[in-house]
Amino acid sequence: MNKVKKIAVMTGGGDCPGLNPVIRAVTKTAIMKYGLEVVGIKHGYRGLYLGGDEFIPLTLQSVEEIISKGGTILFSSNKDNLFDYTYEDENGNECHGDVSDIGIKNLKDSGIDALIVIGGDGTLTSGRDFSRKGVKVVGVPKTIDNDLAATETTFGFDTAVSNAVDAIDKLKTTAESHGRIIVVEAMGRYAGFLALSMGVASAADAILIPEIEYDINKVAEKIKSNFANGKNYSIVVVAEGAKPKDGKVIVSKIVEDSPDPIRLGGIAKVVAEQLEKLVDNEARATILGHVQRGGSPTANDRILSTRYGSYAVELLMQGKFGNMVTLSGSSMSYESLENVIGTNKAVDPNGELVTIAEATGVSFGR
Ligand code: F6P
């Protein structure tokens with residue numbers, strides 16, 4: 001029999017617009033539909049390890065006004081894998097090892113029957129590992145990159161595109177005033193979904209994505225033709241994971257202890273310098289960075305997050321543990337955590353949106 005009476009929810013990995021609406025939907029569905037008790041675990045798996053004040057009650061009041069709030073009211077951590085954890089022992093010595101049993105004990109001691117983990121690959125991998133140890137887990141995927149193969153769309157993506165398009169609209173007025181080329185760098189890791197969507201939505205002149213290795217001379221030709229046709233400025237959107245033909249991605253930082261330590265970034269400056277020389281026109285680079293992840297989620301993301309959160313509780317109540325909530329076509333569904341880890345998707349270089357963008361004059365540098 002499925003005896004879930006008290007559940008916990010946590011957020012892990014980088015933040016993403018829509019996390020708070022998920023927490024709200026989990027809490028409201030659990031309390032209003034099923035009469036459950038809900039606990040929020042602060043700081044992701046670190047909070048699960050620490051227990052105590054890191055476990056806070058979530059009530060209807062505490063989630064009342066959070067649907068429009070960016071970030072996560074439960075805070076997050078992208079470094080704390082309890083199966084491979086660095087901690088201090090009682091004598092202050094640094095130790096390293098598997099402390100997952102402490103997390104499981106903290107759940108039991110608090111009377112928590114099941115856990116909803118909201119996060120990316122690292123968080124969901126630990127969710128799977130806790131599930132293998134018998135914890136009743138349901139995962140909710142989050143990423144602004146929209147690169148998870150198991151689900152159609154992740155919440156946060158729409159907001160990130162919208163934030164970027166707002167920024168590019170502003171960059172256009174200064175680009176036009178000075179007759180400049182502005183190269184805008186998008187997040188997205190090794191996938192070009194963000195750059196492609198923001199580029200199309202802001203009528204960029206060129207979009208450079210990881211899935212299509214670019215030739216900078218082709219991009220320069222497009223910009224020269226802009227000038228020849230009377231358009232005095234150009235916008236180039238470049239994904240942080242884009243790379244030139246026979247070239248490499250640019251790494252900006254290595255974050256020790258992170259499940260995925262490589263942080264990409266810096267390509268916009270390189271592209272701007274090359275274009276300035278090739279086109280013989282002033283160019284500037286803007287890295288949008290974390291602005292893309294900030295602020296209030298869009299209406300679409302609030303709705304999608306609410307669907308993900310509410311469905312996670314439904315899965316728990318149906319005893320469908322060890323699964324991740326997915327969007328399949330237009331319906332909520334689920335897939336085993338065993339099958340979803342590390343299954344990323346990429347933009348189809350000959351897919352519909354790329355083809356339409358090219359038909360409307362966008363250069364991909366090929
Ligand atoms: O995966 C989401 C994401 O925002 C990527 O697009 C980006 O490369 C990365 O996280 C940035 O990570 P951090 O917040 O650790 O700098």
Side-chain angles (χ1 to χ4, degrees), residues 11-19 22 43-46 70-72 74-81 117-126 139-151 153-165 167-168 184-199 207-211 237-243 248-270 285-295 297-298 301 304-305 308 324 340-347:
T11 49
D15 73 309
C16 171
L19 290 172
V22 177
H43 304 109
Y45 289 110
R46 183 174 6 131
T72 161
L74 294 175
F75 309 103
S76 198
S77 158
N78 62 0
K79 293 184 180 170
D80 300 297
N81 172 6
V117 296
I118 314 167
D121 230 39
T123 308
L124 296 170
T125 302
S126 289
V140 174
K142 65 89 227 176
T143 170
I144 60 164
D145 305 336
N146 201 29
D147 60 348
L148 296 183
T151 192
T153 312
T154 45
F155 60 84
F157 176 71
D158 189 57
T159 307
V161 171
S162 176
N163 285 343
V165 170
I168 296 170
V184 185
E185 185 171 307
M187 281 186 164
R189 282 189 204 270
Y190 302 98
F193 295 102
L194 263 180
L196 176 60
S197 287
M198 70 175 74
I207 304 172
L208 309 180
I209 57 175
E211 295 84 351
V237 172
V238 59
E240 62 183 2
K243 54 178 194 279
K248 285 190 186 147
V249 290
I250 299 183
V251 173
S252 74
K253 194 176 167 64
I254 302 288
V255 182
E256 301 295 345
D257 303 338
S258 170
D260 183 2
I262 295 173
R263 296 292 177 277
L264 302 174
I267 183 95
K269 191 164 174 286
V270 174
T286 298
I287 299 179
L288 293 179
H290 293 81
V291 160
Q292 290 157 99
R293 276 185 4 205
T298 59
D301 272 341
L304 189 56
S305 306
Y308 269 102
M324 183 187 87
V340 297
I341 311 297
T343 58
N344 287 354
K345 64 184 175 193
V347 172

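Numbering of ligands and ligand atoms starts at 1, following listing order.
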Item checked: Output field: ring centroids F157/F193 closer than 6.0 Å ->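 Centroid distance F157-F193: not below 6.0 Å, so no.
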Checklist line | Interatomic distance, D15 atom CG to T72 atom OG1 [nearest 0.5 angstrom] | finding: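 With rounding to 0.5 Å, CG (D15) is 8.0 Å from OG1 (T72).
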Next item on the list: Measure the spacing between OG1 of T159 and CD1 of I144 and express it to the nearest 0.5 Å.
Entry: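 The CD1 atom of I144 is 9.5 Å from OG1 of T159, to the nearest 0.5 Å.
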Next item on the list: Specify whether H43 and F75 have parallel, tilted or perpendicular ring planes, treating 30° as the upper limit for parallel and 60° as the lower limit for perpendicular.
Entry: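 H43 and F75: parallel rings.
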Check: Protein residues near ligand 1, heavy-atom distance below 4.0 Å?
Finding: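 These residues qualify: N78, I144, D145, M187, G188, R189, E240, R263, H290, R293.
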Next item on the list: Applying salt bridge (charged side-chain N to carboxylate O under 4.0 Å, His left out), name anything that partners D145, two or more places apart in sequence or on another chain.
Entry: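 Checked D145 against salt bridge (charged side-chain N to carboxylate O under 4.0 Å, His left out); matches are R189.
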Notebook entry, point to check: Nearest heavy-atom pair of L288 and A164: which atoms, and what distance?
Noted result: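 Looks like CD1-CB, 3.7 Å.
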